[in-house]
Chemist: 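Supplied in structure tokens, the structure appears directly below.
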Amino acid sequence: PGQPYLADTAGWAAEAIVGHHLGAGAAGPDSSGGVRVDSLDVDEDGNGDAWLTLTSRSGKTRIGRAILEDAHLTPEWNAVYSGSGSGFDRGGVSSPVVFSVDGEQLMLHAGFRNGRSTIGLASTADGQEWTSEGEVLSTGADWESVSLVPSSIQSLPDGDLRLWYAGSDGARWRIGA
């Protein structure tokens, strides 16, 4: 997970943080089962936001945020996004990838329902109050028939964005774009 293009701007510290697990409860009761750092949105000095998957003791996943400053990660208390609560993500959300387009913050995330995951989109003006924009990529019929999880967004030279994601058919995970 994470954003590979950050390695060029944030250096090794950013790469070392993504994929790291924090202690259970580090971000409040929503994280009583553990915290995973999924992606970073940082400036040229390596300071900014870390986006987290919070897991409760019951296994429900939500999305949290931590502030990354001077190589110190400080999780905010409780989740900033729990999904729409119905439809494709009613079983929980995880694996946030946050990026900006024309000044608006957007988040791709995995949404869980009935043992499957697809990719959804949420938007925010302030990084705290997120609005679900719905499912943007559903499972296919082949190697990505059971689960999809966003991994990163790549900025292309022409200004377009490319989503890199992991997909599974239930037996094996693969990478797609």
Side-chain angles (χ1 to χ4, degrees), residues 1-20 36-53 61-71 73 80-84 87-89 92-113 116-169 172-177:
Q3 300 175 341
Y5 63 87
L6 287 175
D8 294 335
T9 59
W12 66 269
E15 283 191 271
I17 290 171
V18 173
H20 181 73
R36 182 183 71 226
V37 179
D38 287 302
S39 64
L40 301 170
D41 187 11
V42 297
D43 62 21
E44 60 276 353
D45 295 325
N47 297 321
D49 296 320
W51 297 96
L52 318 169
T53 294
T61 54
R62 297 169 179 88
I63 293 172
R65 177 179 168 203
I67 305 302
L68 179 61
E69 188 171 12
D70 298 326
L73 194 62
V80 296
Y81 185 66
S82 298
S84 66
F88 80 99
D89 62 359
V93 292
S94 75
S95 307
V97 176
V98 178
F99 58 101
S100 296
V101 173
D102 298 328
E104 180 181 27
Q105 271 191 308
L106 301 170
M107 175 192 349
L108 292 164
H109 60 83
F112 298 94
R113 179 179 177 187
R116 296 180 178 266
S117 66
T118 59
I119 297 177
L121 180 70
S123 62
T124 186
D126 62 7
Q128 294 294 319
E129 298 291 323
W130 291 87
T131 302
S132 175
E133 303 295 339
E135 183 181 63
V136 295
L137 187 59
S138 60
T139 54
D142 191 24
W143 63 271
E144 57 194 354
S145 61
V146 174
S147 295
L148 298 173
V149 177
S151 296
S152 66
I153 291 291
Q154 178 184 14
S155 298
L156 300 175
D158 64 3
D160 285 346
L161 299 173
R162 176 180 292 145
L163 166 63
W164 289 90
Y165 63 94
S168 172
D169 59 7
R172 176 193 248 176
W173 285 90
R174 296 173 178 89
I175 297 172

Chemist: Can you confirm whether Ile67 sits close enough to Asp49 that some side-chain heavy atom of one is under 4.5 Å from a side-chain heavy atom of the other?
Modeler: yes
Chemist: Identify all side-chain donor-acceptor contacts of residues 132-144 below 3.5 Å with residues at least two apart in sequence or on another chain.
Modeler:
| unit_1 | atom_1 | unit_2 | atom_2 | d |
| --- | --- | --- | --- | --- |
| Ser132 | OG | Gly134 | N | 3.2 |
| Glu133 | OE2 | Ser123 | OG | 2.6 |
| Glu135 | OE2 | Thr118 | OG1 | 2.7 |
| Glu144 | OE1 | Tyr165 | OH | 2.7 |

Chemist: I need the minimum non-hydrogen distance between Val149 and Ser95, along with the two atoms involved.
Modeler: CG1-OG, 3.3 Å
Chemist: State which residues pass side-chain hydrogen bond (donor to acceptor under 3.5 Å, both in side chains) with Thr124; sequence neighbours excluded, sorted by chain then number.
Modeler: Asp126
Chemist: Heavy atoms only: give me the nearest Leu52-Pro96 pair and the separation to one decimal.
Modeler: O-CG, 3.7 Å
Chemist: Please report the shortest heavy-atom distance between Val80 and Trp130, naming the atom on each side.
Modeler: O-CD1, 3.5 Å
Chemist: What residues form a side-chain contact (heavy atoms from CB on, under 4.5 Å) with Arg162, not counting sequence neighbours?
Modeler: Gln154, Leu156, Trp164, Ala177
Chemist: Any chance you could measure Ile153, atom CD1, to Leu161, atom CG, to the nearest 0.5 Å?
Modeler: 6.0 Å
Chemist: With Arg116, which residues qualify under salt bridge (charged side-chain N to carboxylate O under 4.0 Å, His left out), at least two apart?
Modeler: none
Chemist: Answer yes or no: is there a side-chain heavy-atom contact under 4.5 Å between Ile63 and Ser94?
Modeler: no
Chemist: Quick one: side chains of residues 101-113, donor-acceptor pairs under 3.5 Å with protein atoms, not counting sequence neighbours, listed by atom name and distance.
Modeler:
none

Chemist: Determine whether a donor-acceptor pair (N or O, by modelled atom type, separation under 3.5 Å) exists between the side chain of Ser39 and the backbone of Trp51.
Modeler: no
Chemist: Looking only at heavy atoms, which two atoms of Ala166 and Ser151 are closest? And how far apart?
Modeler: N-OG, 3.8 Å
Chemist: List the residues meeting side-chain hydrogen bond (donor to acceptor under 3.5 Å, both in side chains) with Ser84, not counting sequence neighbours, and say none if there are none.
Modeler: Asp89
Chemist: Can you name the nearest heavy-atom pair linking Ala50 to Val37, along with the distance?
Modeler: CB-CG1, 4.2 Å
Chemist: If you compare all heavy atoms of Leu73 against all heavy atoms of Ala66, which two are closest, and at what distance to 0.1 Å?
Modeler: CD1-CB, 3.7 Å
Chemist: Considering residues at least two apart in sequence or located in another chain, which fulfil the side-chain hydrogen bond (donor to acceptor under 3.5 Å, both in side chains) criterion with Thr61?
Modeler: none
Chemist: Would you indicate whether Glu129, at its atom CD, is surrounded by more than 12 heavy atoms from other residues, nucleotides or ligands within a distance under 6.0 Å?
Modeler: no
Chemist: Are the side chain of Asn47 and the backbone N or O of Asp70 linked by a donor-acceptor pair below 3.5 Å?
Modeler: yes
Chemist: Could you tell me the separation between the CG atom of Asp160 and the OG atom of Ser155, rounded to the nearest 0.5 Å?
Modeler: 10.0 Å
